[in-house]
Amino acid sequence: MNMKRLLVAGYLGAILASTALTPVSAEVLRVMQGQATESLNVPMNRAVVVESEVPFAELSIANPGIADISTLSDRSIYVLGKAPGRTTLTLLSPDGQLISNVDVHVTPDIAEFKERLQQILPGESIEVRTANDGIVLSGQVSSTAKLDRALDLANRYAPDRVSNLMVVGGIQQVMLKVRFAEMNRTITKRFGSSVALGDSGGLVGETGTFLSGTNGLTGPITLPEDSTGGIRFGGSIGGLEFAVLLEALEAKGMVRTLAEPNLTALSGQEAKFLAGGEFPVPGASDGGGITITYRPFGVELNFIPVVVDQDIINLTINAAVSSLDTANGYDPGGNAAVIPAFKKRQTSTTVEMRDGDSFAIAGLLQDDFRDAASQLPWIGDLPILGALFRSSEYQRSQTELVIIVTPHLVTPVAGEALALPTDRVRIPTERELFLFGEVAKGPKSGAAGEVARQDFSSSYGYVME
């Protein structure tokens, strides 16, 4: 009985001693006579123990740059991975006979990489594999920003040896809504006076613009086109005649410009939009002839959207509104037509915002003021009476311009869910046209019918939200 207990205690002690000396997580490959049970996979900068069924006397490694070896006993070998690649480990018996050739495959240590990947990008379904001396990433990520982070981390472990098979999930199409709003206000006021003197019908002197046009000391008067009103009074003292002409101008104006282009593009792809036209601009060629260059004008929009993380969108935008400006055109003279100039409001920038947020990417507040006064010396400085010998002009111009952008993540819908601007108009029949005078008819039901019931006294048009 005591002997049995002694044997059991000795057996348990041997097990505990072997467990303490050999880590449980150690990787061991057993080699039998003539062949290895499997190829040996060694992570880079880590070690694997190879055990042989028979004692060996010599061993060699085909490429020491890939793996390093050392003996632990006549049956155990310590293999250390140094660089990614494949090589062969050869074992020879004491009598010089071949025991086995072991295929050693050294790969990047993806165990640590997988752990770091889960820490940095939790919840992402990314699969990691090794291929030759590189890393292959596959699966689906939620945004391009997380895809870039995974690739950057993989390049830390396998520089320039990363294959990307990942796809980006979620919505990757962006609709950009741009609003151009511009207000121009102008106010012009002018008060001018002209005095003319004559002796028995002959002109002695004149100030201002009294004699412009067909005006004279007597008879009806004509005013310049930009004057809104005028009055003349005069008299004579003996043979001396005099007349005074007072002209007044007051003009107010306001111009509103509004454009709202909408454009949809895939993430990372450029989209272009032009609503307007192209104007031919003549120029001289090298051979002395005339060349025509077409310049676009109207509402222009170019942008590149990038969905960086779920609903965060990076936008590179180039937006412009241009129109022909004949007032500042070039007149070549002769019978040639005036070449108009172009009035253009343009912005180019890069912004980042969330789905549905708006950003004012450009703004302008311009206030121009000008006044001028002309008078006869000394006489124009007299109080009250001096106003008859003085002309004053006042002009003020204000411009406000704002450009606002709003991106939306969008997905396609069924074709029946969208109504076109042409859906609201139907060609009338001859009876409807000639008997009832109806030049357009609208559909009675459906989405197009709803649009057709709108009139121009309320909201109308095609709004794409």
Side-chain angles (χ1 to χ4, degrees), residues 143-145 171-186 254-281 293-329 339-368 397-412 418 420-421 459-465:
S143 66
T144 55
I171 301 176
Q172 296 298 310
Q173 295 182 115
V174 179
M175 185 190 74
L176 183 64
K177 179 180 181 181
V178 181
R179 287 175 286 174
F180 297 86
E182 182 178 17
M183 295 289 292
N184 293 322
R185 295 184 294 269
T186 57
M254 183 180 69
V255 178
R256 187 190 80 163
T257 301
L258 178 64
E260 296 189 11
N262 295 333
L263 192 58
T264 303
L266 187 65
S267 176
Q269 301 298 318
E270 183 181 12
K272 297 182 179 181
F273 176 90
L274 172 62
E278 292 187 342
F279 186 81
V281 179
T293 303
Y294 288 89
R295 291 189 56 183
F297 68 93
V299 180
E300 300 177 70
L301 175 61
N302 300 342
F303 83 106
I304 302 176
V306 177
V307 183
V308 294
D309 191 3
Q310 294 180 354
D311 62 343
I312 299 179
I313 305 169
N314 181 284
L315 295 173
T316 301
I317 309 170
N318 187 356
V321 174
S322 58
S323 59
L324 299 180
D325 185 7
T326 56
N328 299 313
I339 302 175
F342 286 85
K343 183 180 180 182
K344 192 170 188 178
R345 286 79 75 200
Q346 181 177 6
T347 181
S348 179
T349 184
T350 301
V351 294
E352 191 170 276
M353 63 189 77
R354 293 186 180 275
D355 176 25
D357 290 348
S358 295
F359 221 129
I361 62 172
L364 169 67
L365 176 60
Q366 184 175 351
D367 192 349
D368 297 330
S397 176
Q398 292 179 320
T399 300
E400 294 182 49
L401 170 66
V402 177
I403 301 178
I404 301 175
V405 296
T406 305
H408 295 280
L409 294 174
V410 294
T411 55
L418 298 177
L420 298 176
S459 60
Y460 63 92
Y462 181 42
V463 180
M464 182 169 56
E465 295 290 352

Would you find more than 12 non-hydrogen atoms of other residues, nucleotides or ligands less than 6.0 Å from Phe359 atom CZ?
no
Are the side chain of Thr399 and the backbone N or O of Gln366 linked by a donor-acceptor pair below 3.5 Å?
no
Any chance you could lay out the side chain to side chain contact (heavy atoms under 4.5 Å, CB included) test for Thr350 and Asn314, step after step, and finish with the verdict?
CA-CA 7 Å; Thr350 301; Asn314 181 284; 3.8 Å; yes
Do side-chain atoms of Asp355 reach the backbone of Leu409 as a donor and acceptor pair under 3.5 angstrom?
yes
Looking at every non-hydrogen atom in both residues, tell me the closest pair between Ile312 and Glu352 and how far apart they are.
CG2-CG, 3.7 Å
Does any part of the side chain of Met353, heavy atoms only, come nearer than 4.5 Å to the side chain of Val405, both counted from C-beta?
yes
When rounded to the nearest 0.5 angstrom, what is the spacing between CD in Glu270 and CD1 in Ile304?
4.5 Å
Note: Gln172 and Leu266 closest approach over all heavy atoms is O-CD1, 3.4 Å
May I ask you to test the Leu315-Pro407 pair for a side-chain heavy-atom distance under 4.5 Å?
yes
Give the minimum heavy-atom separation between Asn328 and Ala341, together with the two atoms involved.
O-CB, 3.3 Å
Between Arg179 and Thr406, does the side chain to side chain contact (heavy atoms under 4.5 Å, CB included) criterion hold? Intermediate values first, please.
CA-CA 9 Å; Arg179 287 175 286 174; Thr406 305; 3.8 Å; yes
Quick one, Val307 and Gln173 - any side-chain contact, counting heavy atoms below 4.5 Å?
no
Looking at side-chain heavy atoms only, is the closest gap between Val178 and Ile403 below 4.5 Å?
yes
For the student: nearest non-hydrogen atoms of Phe180 and Val299, plus distance:
CE1-CG1, 4.2 Å
One should read off an interatomic distance between Glu300 CD and Asn318 CG, to the nearest 0.5 angstrom, of 8.0 Å
Separation between CG of Leu263 and CZ of Phe273, rounded to the nearest 0.5 Å
7.0 Å
Pair Val306-Val174, side chain to side chain contact (heavy atoms under 4.5 Å, CB included): steps then yes or no
CA-CA 8 Å; Val306 177; Val174 179; over 6 Å; no
Whether Phe297 and Phe342 hold their rings parallel, tilted or perpendicular, with breakpoints at 30° and 60°
tilted
Take Glu400 and Arg185 through the test side chain to side chain contact (heavy atoms under 4.5 Å, CB included) and record every step on the way to the result.
CA-CA 9 Å; Glu400 294 182 49; Arg185 295 184 294 269; 2.8 Å; yes
Nearest heavy-atom neighbours spanning Ser322 and Lys344:
CB-CG, 3.8 Å
With rounding to the nearest 0.5 angstrom, report the CG to CG distance, Leu401 to Asn184.
9.0 Å
Mind checking the CE-CD1 spacing from Met175 to Ile313? Nearest 0.5 Å is all I need.
10.5 Å
Output for pair (Thr347 OG1, Ile361 CD1), nearest 0.5 Å, gives 4.5 Å
